[in-house]
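The next block holds one structure in the form of structure tokens; read it before the comments.
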There are 2 protein chains.
Amino acid sequence: MKWDELEDEPCSMARTIGVIGDRWTLLILRECFLRTRRFEGFQSALGITRHLLAERLKKLVRQGVLRRIPYQEAPKRHEYILTQKGLDLYPIMMAIVHWGDVHMVDTRGRPLLHEHRSCGKMFDPVMVCSECGEPLSAKDVHVHPGPGARPSAEKGSLEKKPKVRKRAA
Amino acid sequence: MKWDELEDEPCSMARTIGVIGDRWTLLILRECFLRTRRFEGFQSALGITRHLLAERLKKLVRQGVLRRIPYQEAPKRHEYILTQKGLDLYPIMMAIVHWGDVHMVDTRGRPLLHEHRSCGKMFDPVMVCSECGEPLSAKDVHVHPGPGARPSAEKGSLEKKPKVRKRAA
DNA sequence: TTCCTATAGTTCTAAAATTGAACTGTCAAT
DNA sequence: ATTGACAGTTCAATTTTAGAACTATAGGAA
């Protein structure tokens, strides 16, 4: 598996990481969700080098996550806004923020609180099953190969049962 | 903002990215959730260089996402298993996989299907509000500074209202 | 007019991260 | 005595990223 060919892997996680897995990309997208739209805005908010910022924006546009839209002629200027594909990254963002809220806060508490406009309350995001609505946990989920699975037999980690030697204390 | 000091930022997303944002780390964690536990298992599943794999595993252990547990004496061998902190990354994983399932599939369809053992059905993960249970979307959420917010006034992207010039066509 | 500023990049060199390949060491099995 | 499995480590070559300077257009100020 090569980093530059992640998008060709038969794995939705690898493919997604091919899009958002580069250094700084998720932080750029955070800014997008906080309504930053312009080059200088991203640059000053993140302190990323201009070179890399230009690269990343170009890639995100190519991948259909952002759209580059002119907001001014003479001199020509553009701003970057999330497409629907980009907006759909929201659950990923929220999941990341929530994990940080739970596991990475210092004594002062959370940097940001989230208010759900529909119900007016401060909330946490919860991931649930689309079918029964119950919260998901790793051990309640079983994976099956889907139609787009890698065709042949796997040397995959699931089947491997390494032989045991002397047991540890 | 420096990549090596992300964990000190007053931002839960930045802090989390400091933990899982390195190249290959999320793919290593994918393997963990698929029950890979050993060095060779990760290496052969991912094709990552042994050098980097060793680095990443060390960092994840340091950060409390994995625990390194001996499973054999003579020669001493260890395996890497998810801590609770690591298991709590599950919603992030699922959100990433789901986005790929929606936006990155080829004509053949999804590589993997997920079955919810509790209800027996194939499902998609849905992110909902902990307070009202409704699905979340970016525009229904408003952010407020929390107790751990950066103390002073922000040069943040939210307040900046750049002056407009000649409008684009 | 000339200078300064704002915006959105591009270009260049140095530093850091990643890759690829080979090498180390322990023990079991042949 | 040799081979294979496992879990790394080491080192040179390549890629990425960081840091700083530079380009270009245009508005407004002096």
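Throughout, protein chains are lettered first and strands after them, A, B, ... in sequence-line order, and every chain is numbered starting at 1. Quick note: numbers below take in every heavy atom, side chains included, and nothing from hydrogens, waters or symmetry partners.
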Study note, to complete from the structure: Taken in chain and number order and not counting sequence neighbours, the residues that satisfy ring pair (Phe, Tyr, Trp, His ring centres under 6.0 Å) with B/H78 are none
Point to revise | Partner residues of B/H116 under the ring pair (Phe, Tyr, Trp, His ring centres under 6.0 Å) criterion, sequence neighbours left out | key: B/F123
Check your understanding: Side chain of B/A54: nearest nucleotide among C/dT10, D/dT9, D/dA7?
Key -> D/dT9
Practice item. Kindly point out which of C/dC27, D/dG8, C/dG25 is positioned nearest to the side chain of B/Y80? Key: D/dG8
Check your understanding: Sequence neighbours excluded, which residues qualify as side chain to side chain donor-acceptor pair (under 3.5 Å) partners of A/S137?
Key -> A/D140
Review point. Given D/dG8, is OP1 or OP2 found less than 4.0 Å from the side-chain N or O atoms of B/R68?
Key: yes
**Study point:** C/dA17 OP1/OP2 closer than 4.0 Å to side-chain N/O of B/K59
**Key:** no
Value in whole Å for how far the [atom2] atom of [N] lies from [atom1] of [X]:
X     : N      : atom1 : atom2 : answer
A/F39 : C/dA6  : CZ    : P     : 16 Å
A/R77 : D/dT23 : CZ    : C1'   : 12 Å
A/L53 : C/dG9  : CG    : C1'   : 9 Å
B/E40 : D/dA7  : CD    : P     : 6 Å
B/Q72 : C/dC27 : CD    : P     : 10 Å

Practice item. Just say parallel, tilted or perpendicular for the rings of A/H103 and A/W99, cut-offs at 30° and 60°. Key: tilted
Point to revise | For A/R68, salt bridge (Lys or Arg N to Asp or Glu O under 4.0 Å) partners two or more places apart | key: none
Review point. Quick one: what's the B/S/- string for nucleotides 13-20 of chain D, heavy-atom cutoff under 4.0 Å, read 5' to 3'?
Key: ---SSBB-
Exercise for review: Sort and list the pairs that fulfil ring-ring contact (aromatic ring centres under 6.0 Å, His included) and have at least one residue in residues 29-70 of chain A, not counting sequence neighbours.
Suggested key: A/F33-A/Y90
